[in-house]
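Notes for the one structure printed next.
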Amino acid sequence: MVGLLYLFSCFAVAMTSALAQGVLGAYNVDPSSVSISGFSSGGFMTVQLGVAYSDVFNVGFGVFAGGPYDCARNQNAFNNCMFDNTPSIDIPTANMKSWSGVEIAHVSNLRSRRIYMQTGSADEVIGPNVMRKLKAQLDQFTNSKELTYVTTTDAAHTFPADFGGLGDNPCDTSEPPYLSNCNYDGAGAVLQWLYDDLNPRNTGSLSGRVIPFAQSGSYGAPGMDTTAYLYMPASCEDSSTICKLHVALHGCTQAYGFIGDKYINNTGYNMWAGKS
Ligand SMILES: *[C@@H]1O[C@H](CO)[C@@H](O)[C@H](O)[C@H]1NC(C)=O
């Protein structure tokens with residue numbers, strides 16, 4: 001079972017959630033089973049967290065349409081890390097090495113981390129060239145057997161699923177909510193890459209509940225939305241059951257205030273989180 005935590009990371013306008021928010025409770029999570037993935041700006045932030053906190057995200061991480069670690073600061077213009085450009089990874093990669101074990105967790109951890117990457121072949125917002133630069137960077141630190149790189153043919157800048165959620169776009173369309181039926185189960189692919197022996201996907205009604213919590217205090221940071229959401233499978237409510245934890249980061253304009261619960265529902269992560 002995988003509990004899913006949605007932390008909202010985009011450095012766009014944070015909008016107040018309509019749902020009441022409380023303090024995140026304590027749950028029975030195996031601290032050696034933690035991973036993270038994200039799309040677009042959430043993909044970039046996943047790389048930041050997966051590298052800098054490789055000790056916390058000790059299973060590994062998954063990147064949908066993101067780019068290299070420490071990319072944007074080290075270009076002539078930050079948008080070298082977007083629009084299918086080819087950003088330089090020289091300074092970012094040198095920084096990973098010089099910060100290792102000092103400013104960030106030891107990059108040697110990355111040798112035993114599982115890494116998943118996905119790009120749409122028709123993504124013009126971030127794009128395959130930026131993702132190839134991420135791969136070239138991570139190849140210097142990771143184990144090739146633990147790394148997979150997926151290209152989704154004709155997919156635009158959009159989170160790929162294999163079902164059509166309410167309000168989603170066609171796969172070749174790059175518009176809000178940036179969620180599409182691309183005949184590819186991205187959430188399943190990343191979770192299955194990261195974890196062995198997952199329960200089959202639940203395509204029926206879900207047993208769990210979505211718990212909003214305040215991203216303040218120790219769960220807060222500048223640029224974060226006010227509220228994040230934890231998907232709690234019913235089987236994880238039992239304190240004798242130890243669950244895994246996966247964190248999912250949305251992209252720009254996918255915050256609750258923009259698209260409501262579409263990222264929570266239409267990515268398909270929750271269908272993999274628990275049995276019916
Ligand atoms: C998301 O799922 C919840 C729970 O099943 C449902 O109430 C809500 O209408 C769904 N929203 C969308 C956009 O599908």
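Positions are given from 1 along the sequence. Both counts, for ligands and for their atoms, begin at 1 and track the order of listing.
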### Query
Between D70 and N74, does any side-chain donor sit less than 3.5 Å from a side-chain acceptor?
yes
### Message
Between Y53 and F61, is the ring centroid distance below 6.0 Å?
### Response
no
### Task
Specify the protein heavy atom at minimum distance from atom 3 (C) of ligand 1: its residue, its atom name, and the distance to 0.1 Å.
N265 ND2, 3.6 Å
### Task
Would you please indicate yes or no on a ring centroid separation below 6.0 angstrom for F64 and Y116?
yes
### Task
For atom 7 (O) of ligand 1, grab the closest protein heavy atom and report residue, atom and distance to one decimal in Å.
D261 OD2, 5.0 Å
### CD (Q140) with more than 12 external heavy atoms under 6.0 Å
yes
### Query
Can a protein heavy atom be found under 4.0 Å away from atom 5 (O) of ligand 1?
no
